[in-house]
Colleague: 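Here's a structure for you.
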Amino acid sequence: MDPNNIDYSVKQWQGNRENQEDLARVLLTPDGGMLVMLADGMGGHLAGEVASREAISMFSKVFCEHAELPVASRLRFALEEANRRLADIQKHGILPDDVGSTTLVVRKNILLDNMGTTLVAAYIKDYSLWWLSVGDSHLLRAPSGQELNKLNEDHSMWPIACRELERGEISIEYALRQRSILRSAIMGNKIELVDCSDDPLPLSSGDILLFASDGLDYWLDTVCIQPEIFENLRKDSINMEAMSMAIIEQTKAMEIPFQDNLTVVTLQVPVG
């Protein structure tokens, strides 16, 4: 499979937040594959933006430079170096030039102490998919003619809260409050949970992959109940850009209070 023939799209919406802390990147790697990364930064004004940008920058650099390693090892090593990068920033601070257009000088222990980010990264080559994720961002797959299925683990408190809710141990209101609490993130210290596929998942022509930050949670809840929503999107979308835009527009129409940043990456494996 020639990665140049993969149709993909990256779209974002700021939601009801003051700034955009999500970041997504798609790049072709020197060894003939495609690397997709999505990070959802956290830590307040500026810190979340710095965390997501620096994590993706370091992750992609290390992954591309170490093609001699098995893919799963490359993913894990790139994660370790991205985490180390955030630790260094928190320890030493950063210079004004490091934050792009902003003129704010960020020094040690100012704004950065609690910075962090989630990350979902996937590598595609020769109809094979490997992934690594930390946090609660999503990676889903829809084989041709089938429904969306989540591939990566959810490192928020939500899965635990759902089990407790099913046992009648907590209320739905309490369960919903657990949804935004992370059990693992990239913050420069020990990463508690990492989901990494040691073996590749075979892909087929026409498969659709959907990457999204947790701003898509409620849309996904709706699709879980009404899978025809996604099936109609697949039928109506002439390409991945149209699909990504439709997903964001449908999310906007839900008018969710306190809507988080939303980033959507859609990708379709070439047919034939």
Colleague: Within the 4.5 Å heavy-atom criterion, are Val194 and Ser184 side-chain neighbours or not?
Modeller: no
Colleague: Within the 4.5 Å heavy-atom criterion, are Arg234 and Met243 side-chain neighbours or not?
Modeller: yes
Colleague: Are Phe211 and Ile247 connected in a single hydrophobic cluster, I mean Ile/Leu/Val/Met/Phe/Trp/Tyr linked by side-chain heavy atoms less than 4.5 Å apart?
Modeller: no
Colleague: Given Ile208 and Phe230, is the side chain to side chain contact (heavy atoms under 4.5 Å, CB included) satisfied, shown in steps?
Modeller: CA-CA 11 Å; Ile208 291 175; Phe230 179 76; 4.3 Å; yes
Colleague: Is Gln259 reaching over with its side chain to a backbone N or O of Gly215, donor-acceptor style, under 3.5 angstrom?
Modeller: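 Here the side-chain-to-backbone pair exists.
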Colleague: Give a yes or no on whether Tyr8 and Leu262 share a hydrophobic cluster (residues Ile, Leu, Val, Met, Phe, Trp, Tyr; joining criterion: side-chain heavy atoms under 4.5 Å apart).
Modeller: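 No, Tyr8 does not connect to Leu262 through the hydrophobic network.
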Colleague: Roughly how far, to the nearest 0.5 Å, is CG of Asp136 from NE2 of His155?
Modeller: 10.0 Å
Colleague: Going from CG on Leu182 to CE on Met42, what distance comes out if it is rounded to the nearest 0.5 angstrom?
Modeller: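 Rounded to the nearest 0.5 Å, the CG-CE separation comes out at 5.5 Å.
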Colleague: Distance from Arg25 atom CZ to Ser60 atom OG, nearest 0.5 Å?
Modeller: 9.0 Å
Colleague: For a 4.5 angstrom cut-off between non-hydrogen side-chain atoms, does Leu209 reach Ile124?
Modeller: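 Touching, per the 4.5 Å side-chain cut-off.
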Colleague: For Val71 and Phe63, which heavy atoms make the closest approach, and how far apart are they?
Modeller: O-CE1, 4.3 Å
Colleague: After noting the C-alpha distance and the side-chain angles of Phe77 and His66, does the key distance pass the ring-ring contact (aromatic ring centres under 6.0 Å, His included) rule?
Modeller: CA-CA 9 Å; Phe77 183 49; His66 290 277; 5.1 Å; yes
Colleague: I need the Met115 CE to Ile89 CD1 distance, nearest 0.5 Å.
Modeller: 5.0 Å
Colleague: So, Glu164 side chain and Ile170 main chain: donor-acceptor pair closer than 3.5 Å or not?
Modeller: no
Colleague: Between Asp31 and Arg74, is a salt bridge (Lys or Arg N to Asp or Glu O under 4.0 Å) present by the stated rule, with each step listed?
Modeller: CA-CA 13 Å; Asp31 60 333; Arg74 289 171 72 186; 3.0 Å; yes
Colleague: Is it true that a side-chain atom of Thr118 and a backbone atom of Ala39 form a donor plus acceptor pair closer than 3.5 Å?
Modeller: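 Absent.
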Colleague: Identify the heavy atoms of Leu233 and Ala246 that sit nearest to each other, and give their distance.
Modeller: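 Shortest heavy-atom contact: CD2-CB, 3.2 Å.
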Colleague: Check the pair Met240, Ile6 against side chain to side chain contact (heavy atoms under 4.5 Å, CB included), reporting the backbone distance first and the verdict last.
Modeller: CA-CA 10 Å; Met240 291 298 98; Ile6 296 177; over 6 Å; no
Colleague: Using only atom types and a distance under 3.5 Å, with no angle test, would you say the side chain of Asp214 pairs donor to acceptor with the backbone of Asp217?
Modeller: no
Colleague: Hydrophobic cluster mates of Met157, side-chain heavy atoms under 4.5 angstrom, ILVMFWY only, any path?
Modeller: Ile160, Ile181
Colleague: side-chain hydrogen bond (donor to acceptor under 3.5 Å, both in side chains): which pairs involve residues 185-201, sequence neighbours left out?
Modeller: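 Output for this query lists Trp131-Asp195.
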Colleague: Quick one: are Thr251 and Trp13 in side-chain contact, heavy atoms under 4.5 Å?
Modeller: yes
Colleague: Is the closest side-chain heavy-atom distance between Leu267 and Asp7 below 4.5 Å?
Modeller: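 No - every pair of side-chain heavy atoms lies 4.5 Å or more apart.
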Colleague: State whether the side chain of Arg53 and the backbone N or O of Asp22 hold a donor-acceptor pair below 3.5 Å, judged by distance alone.
Modeller: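 The answer is no, because no donor-acceptor pair under 3.5 Å joins these two groups.
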Colleague: Tell me, do Ile56 and Thr117 make a side-chain contact under 4.5 Å, heavy atoms counted?
Modeller: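 They are not in side-chain contact.
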Colleague: Yes or no on side chain to side chain contact (heavy atoms under 4.5 Å, CB included) for Leu79 and Val134, after CA distance, side-chain angles and deciding distance?
Modeller: CA-CA 9 Å; Leu79 173 64; Val134 176; 4.0 Å; yes
Colleague: Any salt bridge linking Lys11 with Glu241? Criterion: basic side-chain nitrogen under 4.0 Å from a carboxylate oxygen.
Modeller: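 Glu241 and Lys11: salt-bridged.
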Colleague: State yes or no: do Val26 and Val269 share one hydrophobic cluster built from I, L, V, M, F, W and Y residues joined by side-chain heavy-atom distances below 4.5 Å, directly or via other members?
Modeller: yes
Colleague: Which residue pairs pass the salt bridge (charged side-chain N to carboxylate O under 4.0 Å, His left out) test with at least one member in residues 247-268, sequence neighbours excluded?
Modeller: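 Those involving residues 247-268 are Arg17-Asp260, Glu249-Lys252.
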Colleague: Are the side chain of Asn261 and the backbone N or O of Glu21 linked by a donor-acceptor pair below 3.5 Å?
Modeller: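 Yes: the side chain of Asn261 pairs with the backbone of Glu21.
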Colleague: Ring-plane angle category for Tyr123 and Trp130, please: parallel below 30°, perpendicular beyond 60°, tilted otherwise.
Modeller: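 Taking Trp130 first and then Tyr123, their aromatic rings sit tilted (interplane angle of 30° to 60°).
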Colleague: Less than 4.0 Å between a side-chain N and a carboxylate O, is that true for Arg76 and Glu80?
Modeller: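 No, no charged N to carboxylate O under 4.0 Å.
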Colleague: With the 4.5 Å side-chain cut-off for hydrophobic clustering, are Leu203 and Leu151 part of the same group?
Modeller: yes
Colleague: Is the backbone N or O of Glu147 less than 3.5 Å from a side-chain atom of Asn149, with the two atoms forming a donor-acceptor pair by type?
Modeller: yes
Colleague: Is it the case that the side chain of Asp2 and the backbone of Asn4 share a donor-acceptor pair, with hydrogens and angles ignored and the cut-off at 3.5 Å?
Modeller: yes
Colleague: Check the side chains of Thr266 and Ser9 for a donor-acceptor pair under 3.5 angstrom, ignoring hydrogens and angles.
Modeller: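 Judged by distance alone, the side chains do not pair up.
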Colleague: Are any of the side-chain nitrogens in Glu81 or Arg84 under 4.0 Å away from the carboxylate oxygens of its partner?
Modeller: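 Looking at Arg84 together with Glu81, the answer is yes, because their closest N to O distance falls below 4.0 Å.
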Colleague: Leu132 and side chain to side chain contact (heavy atoms under 4.5 Å, CB included): which partner among Leu75, Asn152, Leu139?
Modeller: Leu75
Colleague: Report yes if some heavy atom in the side chain of Leu86 is under 4.5 Å from a heavy atom in the side chain of Met187; otherwise report no.
Modeller: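 A side-chain contact is absent here, since even the closest heavy-atom pair is not under 4.5 Å.
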Colleague: For Ile238, is the CD1 atom crowded, meaning more than 12 foreign heavy atoms sit under 6.0 Å from it?
Modeller: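 Atom CD1 in Ile238 is not crowded, with 12 or fewer foreign heavy atoms closer than 6.0 Å.
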Colleague: Apply side chain to side chain donor-acceptor pair (under 3.5 Å) to His138 and Asp154, showing your working.
Modeller: CA-CA 8 Å; His138 302 282; Asp154 184 345; 6.0 Å; no
Colleague: Over all heavy atoms of both residues, which pair between Gly32 and Pro3 is shortest? Give the atoms and the distance, please.
Modeller: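 Smallest heavy-atom distance, with atoms named: O-CG, 3.5 Å.
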Colleague: Which heavy atom of Ala24 sits nearest to which heavy atom of Val10, and what is that distance?
Modeller: CB-CG1, 3.8 Å
Colleague: If every non-hydrogen atom of Asn16 is compared with every non-hydrogen atom of Pro257, which pair is closest and at what distance?
Modeller: ND2-C, 4.2 Å
Colleague: Please find the pair of heavy atoms, one from Pro200 and one from Ser128, that lie closest to each other, and give the distance.
Modeller: CB-CB, 3.8 Å
Colleague: Would you say the side-chain atoms of Ser52 pair up with the backbone N or O of Asp40, donor to acceptor, closer than 3.5 Å?
Modeller: no
Colleague: At what distance, to the nearest 0.5 angstrom, does CE of Met245 lie from OG of Ser237?
Modeller: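 It is 11.0 Å, given to the nearest 0.5 Å.
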Colleague: Does the side chain of Lys235 reach to within under 4.5 Å of the side chain of Glu231, using non-hydrogen atoms?
Modeller: yes
Colleague: With the 4.5 Å side-chain cut-off for hydrophobic clustering, are Leu35 and Leu69 part of the same group?
Modeller: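 Unlinked, Leu35 and Leu69 end up in two clusters.
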Colleague: Short question: side chain of Ser137, backbone of Ser133 - any donor-acceptor pair under 3.5 Å?
Modeller: no
Colleague: Out of curiosity, Cys162 SG to Ile172 CD1, how far, rounded to the nearest 0.5 Å?
Modeller: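 Those atoms lie 7.5 Å apart.
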Colleague: Regarding Asp207 and Gln268, is there a side-chain donor-to-acceptor distance under 3.5 Å anywhere?
Modeller: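 Judged by distance alone, the side chains do not pair up.
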Colleague: Start with the C-alpha distance between Leu193 and Glu153, add both sets of side-chain angles, then the distance that settles side chain to side chain contact (heavy atoms under 4.5 Å, CB included), and finish with yes or no.
Modeller: CA-CA 9 Å; Leu193 299 168; Glu153 295 177 2; 5.8 Å; no
